[in-house]
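Comments concern the structure below.
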Amino acid sequence: MRGGARLTGARTAAACTAAALALLTACGPSSHDAEGAGKRSPSASGTHGTPGASTGRRTPSPSASAPTGGSSPSSPSAVRLPPRHAGFDYQIGGAYSPPAGVRVVSRDRSSKPAPGLYNICYVNAFQAQPEERSSWPADLLLRDADGDVVVDEDWNEALLDIRTADKRRRVAERVDRWIDECAAKGFDAIEPDNYDSYTRSEDLITAADATAFITLLSGHAHARHLAIGQKNTAELARQRKKAGLDFAVAEECADYDECDVYAKAFDDRVLVIEYSDRGLRKALAGWGSRLSIVRRDVMVSTPGSKDYVREVK
């Protein structure tokens, strides 16, 4: 999750309202809002961290038998991975017709896949959207020693409590249902955001907890014949095989000198989003012949918005 403090300062209420209106205009009402507009926050080190009509592939329906919550990472041999060095667009703030040359697109789970492209389904897997917080069982919201909910202040999102095997299983049950919805719609892959939320947990959640939880999600995604990507969290890239992760979605990896980490861990199967002209130029200079790279605006807005930016060169 990038953004807020790393990009342009804390997201203002006006920006939040504008982003919500842009999403509603582009996609209609969502059950959970736009789950990640260019989000990234500081990591434990204080320097980084972290938001197809397929191809004729038939995906199992949500009612099909598949592991839930307690899944282990299955072999990804049955899933289709995103192509390397392909035209890419990041549309988690609202879906629109992909520009010419785009072969891979990431969209919020409330959206539909783009026909004929490789489609990635964005879900907020480690934190609760503000409007959904009350729907989560109280004991699954992370609480500090005083009993107060631990919140990601940049986005006003409550962290989910994944500190025990039982709680990880229960949180995964809900996220698995979102994964099922993505599969039923015809997406090819899942992008679970906020893998790095442990870095904002006041040291209550560990990196091992986060890896154990995403391992559950990867097992379920693979059972649904979906690939699953690692969102940011360069410090855990070496754990990607253990966690069952297939590719990476990296915000600002050029700006923060992380692209090499992802490229090595994921064999160049990396989708890069930069939010500045400097970041785009640096990404293209170092990785333009190997990785999928796009510059977007911080709010990941739709065409027609005054904030909309999309550049690839």
Side-chain angles (χ1 to χ4, degrees), residues 1-7 10-11 32-51 69 92 108-109 122-133 135-145 148-176 178-179 190-218 221 228-237 239-240 243-245 248-252 256 258 273:
M1 166 169 140
R2 300 255 166 145
R6 285 290 301 268
L7 292 169
R11 182 175 171 183
H32 66 303
D33 197 11
E35 285 192 324
K39 304 201 296 184
R40 181 170 182 175
S41 292
S43 73
S45 65
T47 59
H48 56 54
T50 354
I92 64 172
D108 185 80
R109 66 180 175 89
Y122 173 99
V123 298
N124 193 349
F126 288 77
Q127 300 183 177
Q129 300 296 117
E131 72 280 4
E132 288 194 334
R133 185 183 304 181
S135 71
W136 283 91
D139 69 319
L140 292 184
L141 301 179
L142 184 67
R143 296 175 187 273
D144 61 21
D148 297 325
V149 174
V150 179
V151 173
D152 174 356
E153 298 293 345
D154 285 336
W155 300 92
N156 192 30
E157 294 177 355
L159 274 64
L160 299 173
D161 192 345
I162 54 172
R163 291 177 294 176
T164 69
D166 180 65
K167 288 188 175 183
R168 288 192 289 271
R169 175 189 60 78
R170 291 170 59 203
V171 175
E173 285 177 352
R174 175 179 290 213
V175 179
D176 285 349
W178 298 341
I179 292 174
I190 300 296
E191 176 192 341
D193 200 7
N194 292 312
Y195 188 19
D196 67 331
S197 63
Y198 71 93
T199 67
R200 299 180 290 280
S201 72
E202 302 177 9
D203 296 323
L204 295 172
I205 296 174
T206 67
D209 294 331
T211 301
F213 178 67
I214 208 165
T215 300
L216 298 182
L217 303 185
S218 68
I228 182 169
Q230 173 172 321
K231 179 69 171 289
N232 299 324
T233 326
E235 60 271 25
L236 297 185
Q239 302 295 317
R240 75 93 158 179
L245 300 169
V249 178
E251 293 175 290
E252 301 181 281
Y256 293 95
E258 296 170 345
I273 307 101

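We're numbering straight along the sequence, starting at 1. Values in this document were obtained by computation on a predicted structure and should not be read as measured data.
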Option passing side chain to side chain contact (heavy atoms under 4.5 Å, CB included) with Val171 (candidates Leu140, Asp176, Leu216, Leu217): Leu140
By salt bridge (Lys or Arg N to Asp or Glu O under 4.0 Å), Asp166 pairs with (sequence neighbours left out) Arg169
Does Val175 offer a backbone N or O that forms a donor-acceptor pair with the side chain of Glu173 under 3.5 Å? no
Decide yes or no for Val151 and Leu159: does some side-chain heavy atom of the first lie under 4.5 Å from some side-chain heavy atom of the second? no
Between Pro192 and Ala125, which heavy-atom pair has the shortest distance, and what is it? CB-CB, 3.7 Å
Under the side chain to side chain contact (heavy atoms under 4.5 Å, CB included) rule, what do Leu142 and Leu160 come out as? Steps first, then yes or no, please. CA-CA 5 Å; Leu142 184 67; Leu160 299 173; over 6 Å; no
Who pairs with Arg174 by salt bridge (Lys or Arg N to Asp or Glu O under 4.0 Å), at least two apart in sequence or on another chain? none
Is the closest side-chain heavy-atom distance between Thr206 and Arg163 below 4.5 Å? no
Tell me whether Lys167 contacts the main-chain N or O of Asp139 through its side chain, where contact means a donor paired with an acceptor under 3.5 Å. yes
List for me each residue that meets side-chain hydrogen bond (donor to acceptor under 3.5 Å, both in side chains) alongside Arg143, sequence neighbours excluded, and say none if there are none. none
Please work out which of the three classes, parallel, tilted or perpendicular, describes the rings of Phe126 and Phe213, given edges at 30° and 60°. perpendicular
With sequence neighbours left out, the residues meeting salt bridge (Lys or Arg N to Asp or Glu O under 4.0 Å) with Asp203 are none
Might you work through the salt bridge (charged side-chain N to carboxylate O under 4.0 Å, His left out) test for Asp152 and Arg200, ending with a clear yes or no? CA-CA 7 Å; Asp152 174 356; Arg200 299 180 290 280; 3.5 Å; yes
Which residues share a side chain to side chain contact (heavy atoms under 4.5 Å, CB included) with Ala207, sequence neighbours left out: Tyr198, Leu236
Please name all residues satisfying salt bridge (Lys or Arg N to Asp or Glu O under 4.0 Å) with Arg240, sequence neighbours left out, ordered by chain then number. none
Under a 4.0 Å threshold between the charged nitrogen and the carboxylate oxygen, would Arg168 count as salt-bridged to Asp161? no
